[in-house]
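Here the structure is laid out as structure tokens; the discussion comes afterwards.
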Amino acid sequence: MDTGQSRREFLKSAAAAGLGLAIGGRATGVLQEKAQAKATVVVVRNADAQDSEHRYRADVVKKMVFEAVRRLSGESTDKAAWSRYFKPSDVVGIKLNCLFGMNASTHPEVAYAVAEGIQLAGVKPENIILWDRSDGDLAKSGYEINRDGPGIRCYGTNGEYEENNTQQGSFNGKLTRILTERITALANVPILKDHGTAGVTIAFKNHYGTCNNPGAHHGNNCDPYLADLNNVPAIKDKTRLVICDAIRALCNGGPGLNPKYLWDQNCILAATDPVALDYVGWRMIEDRRKEVGLPSLADAGRPVRHLATAEKLGLGIADPARISMVTIG
């Protein structure tokens, strides 16, 4: 993989290779993609996603999320699109990134739009769990805790990890019981931002909120730890969809909030391949860093190593020549 390739070069090479790069085009079906060893990432843009105070407009965000899933699925209706990934008997976990609170976490408008879409597939709201590390993290990020009341559940692991460690390659830690015992399907819903060690925190890094000891897995820019963690069967086999909140993103100073480096990307990203989605998100961050005069992540000592490792493990595609980017808006 050419890690120095800019997004513009990525788009140019994708077009030259005759891939499914399109404006408003229909994405390739998931089964066909697997047979052809390629991946689609849908990017939906809408400048009206926020108001003048940078508050997310829930109605616009919902339309963006639903459009992204329709285009990714190749289906013509919302119900058919969400039903490609979830079934009525599922218990679906929606993994959020909420460690650093408001404006540095997955926004509720995105998370609840995903939950509403999953209900179109026939999943009962009580069988949908919005979750992260703790109730406190969720509450400070704008979520209302609901452990056992009617409607969509929302709560943290709160220390309820499995009794025994899971070991997968370099990863060795306890996994949340929400993932291993309570859900049958997973939607990974991260936010797009810079990370002080891994370079970026998107879909792969979001799962450091799934284990009890993320601090033990930060060496060598989190490589190969991130890839190995995401290769755990409970994560790999249950993940059905990745939806990234890239509406107001962070290009430097992450993973905590650094208002100076927030920017209005006004995008929702969707994929079934977390490696490909993280690749596209990474290039967006690199482009923004260049625009504001920052060095590349590699030059800043934070190279994004884990995606090439994840590709070698068969977790997805990090080669831009095999990523089709469908852009709407």
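This one's a predicted model, so the numbers in the text were calculated from it and none came from an experiment.
Put simply, Val189 and Leu250 are part of two different groups of oily side chains (I, L, V, M, F, W, Y) that touch within less than 4.5 Å, one to the next. By the criterion of side-chain heavy atoms lying less than 4.5 angstrom apart, applied directly or through intervening Ile, Leu, Val, Met, Phe, Trp or Tyr residues, Tyr143 is grouped together with Ile152 in one hydrophobic cluster.
Taking Lys140 as the reference, Asp137 meet the salt bridge (charged side-chain N to carboxylate O under 4.0 Å, His left out) condition, with sequence neighbours excluded. Pro233 meets the side-chain contact (heavy atoms from CB on, under 4.5 Å) test with Gln168, Asp237; sequence neighbours excluded. With sequence neighbours excluded, no residue forms a salt bridge (charged side-chain N to carboxylate O under 4.0 Å, His left out) with Lys238. Every residue meeting the side-chain contact (heavy atoms from CB on, under 4.5 Å) condition with Leu257, not counting sequence neighbours, appears here in chain and number order: Asn103, Ala104, Pro259, Leu262. Residues that satisfy the side-chain contact (heavy atoms from CB on, under 4.5 Å) test with Ala216, not counting sequence neighbours, are Asn213. Partners of Arg305 under the salt bridge (charged side-chain N to carboxylate O under 4.0 Å, His left out) rule, at least two apart in sequence or in another chain, do not exist in this structure. In this structure, His54 has no ring pair (Phe, Tyr, Trp, His ring centres under 6.0 Å) partners at least two apart in sequence or on a different chain. A search for side chain to side chain donor-acceptor pair (under 3.5 Å) contacts involving Glu67 returns Arg70, Arg71, not counting sequence neighbours.
One finds no salt bridge joining Asp278 and Lys205 here, because no Lys/Arg side-chain nitrogen approaches an Asp/Glu carboxylate oxygen to under 4.0 Å. With respect to the salt-bridge test (charged N to carboxylate O, under 4.0 angstrom), the residues Lys87 and Asp90 qualify.
The side-chain contact (heavy atoms from CB on, under 4.5 Å) with Ile243 is formed by just one residue from the set Leu269, Val69, Val42, Ile94; it is Val69.
Scanning all heavy atoms of the two residues, the minimum distance from Asn206 to Leu96 falls at OD1-O, 3.1 Å. Ser141 and Gly101 get closest at one heavy-atom pair: OG-CA, 3.4 Å. Heavy-atom minimum distance, Arg45 versus Cys267: NH1-SG, 3.0 Å. Looking at every heavy atom in both residues, Gly93 comes nearest to Ile183 through N-CG2, 3.6 Å. Nearest heavy atoms, Ser105 versus Ile191: O-CD1, 3.1 Å. Between Asp135 and Asn158 the shortest heavy-atom distance is N-OD1, 2.9 Å.
Under the 3.5 Å distance criterion, the side-chain polar atoms of Lys193 are left unmatched by any main-chain donor or acceptor of Thr201. In this structure, the side chain of Glu311 does not engage the main chain of Val275 through any donor-acceptor pair within 3.5 Å. Although no hydrogens or angles enter the test, the distance criterion places a donor-acceptor pair under 3.5 Å between the side chain of Arg57 and the main chain of Gln50. Between the side chain of Arg289 and the main chain of Cys251, a donor-acceptor pair closer than 3.5 Å is present. Judged by distance alone, with hydrogens and angles left aside, the side-chain atoms of Arg177 form no donor-acceptor pair with the main-chain N or O of Gly159 at under 3.5 Å. A distance-only check finds no donor-acceptor pair linking the side chain of Asn97 to the backbone of Pro190 [under 3.5 Å]. Formation of a donor-acceptor pair under 3.5 Å by the His218 side chain with backbone atoms of Pro214 is found in this model. Side-chain atoms of Asp51 come within 3.5 Å of backbone N or O of Glu53 as a donor-acceptor pair. A distance-only check finds a donor-acceptor pair linking the side chain of Glu286 to the backbone of Leu297 [under 3.5 Å]. Panel note: side chain Glu126, backbone Gly151; a donor-acceptor pair is recorded below 3.5 Å.
At least one side-chain heavy atom of Arg248 sits under 4.5 Å from a side-chain heavy atom of Asp264. Side-chain contact between Asn266 and Asn46 is absent, with no heavy-atom pair separated by less than 4.5 Å. Side-chain atoms of Cys154 and Glu144, non-hydrogen and from C-beta on, never get closer than 4.5 Å to each other. Taking 4.5 Å as the limit, every side-chain heavy atom of Asn127 sits out of range of all side-chain heavy atoms of Val92. Considering only heavy atoms from C-beta on, Leu315 comes within 4.5 Å of Asn231 through its side chain. Between Asn230 and His306 the shortest side-chain heavy-atom distance does not fall below 4.5 Å. With a 4.5 Å cut-off on side-chain heavy atoms, Asn188 and Phe204 do not count as touching. Contact check for Asp132 versus Lys95: side-chain heavy atoms found under the 4.5 Å cut-off.
Legend: ring-ring contact (aromatic ring centres under 6.0 Å, His included) pairs involving residues 94-141, not counting sequence neighbours, sorted by first then second residue: Tyr56-His107. Contacts classified as ring-ring contact (aromatic ring centres under 6.0 Å, His included) and involving residues 145-189 (residues at least two apart or in different chains) are given here: Phe171-His217. Sorted pairs that involve residues 243-262 and meet ring-ring contact (aromatic ring centres under 6.0 Å, His included), not counting sequence neighbours, are lacking altogether. Counting only residues at least two apart or in different chains, ring-ring contact (aromatic ring centres under 6.0 Å, His included) contacts with residues 307-329 are absent.
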What do the steps show when you test Thr210 against Leu175 for side-chain contact (heavy atoms from CB on, under 4.5 Å), and what is the final call?
CA-CA 6 Å; Thr210 295; Leu175 300 175; 4.3 Å; yes
List the steps, then state whether side-chain contact (heavy atoms from CB on, under 4.5 Å) holds for Ile285 with Trp263.
CA-CA 10 Å; Ile285 288 173; Trp263 93 98; 4.1 Å; yes
Between Glu116 and Leu120, is the side-chain contact (heavy atoms from CB on, under 4.5 Å) condition met? List the steps.
CA-CA 7 Å; Glu116 189 170 339; Leu120 288 180; 5.7 Å; no
Given the rule in the side-chain contact (heavy atoms from CB on, under 4.5 Å) test, do Leu241 and Leu72 qualify, once you have shown the distances and angles that lead to the verdict?
CA-CA 10 Å; Leu241 199 57; Leu72 181 66; 3.5 Å; yes
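Environment of NZ in Lys236: crowded, with over 12 heavy atoms of neighbouring residues, nucleotides or ligands closer than 6.0 Å.
Side-chain contact annotation: Asp228 with Ser170, donor-acceptor N/O pair under 3.5 Å present.
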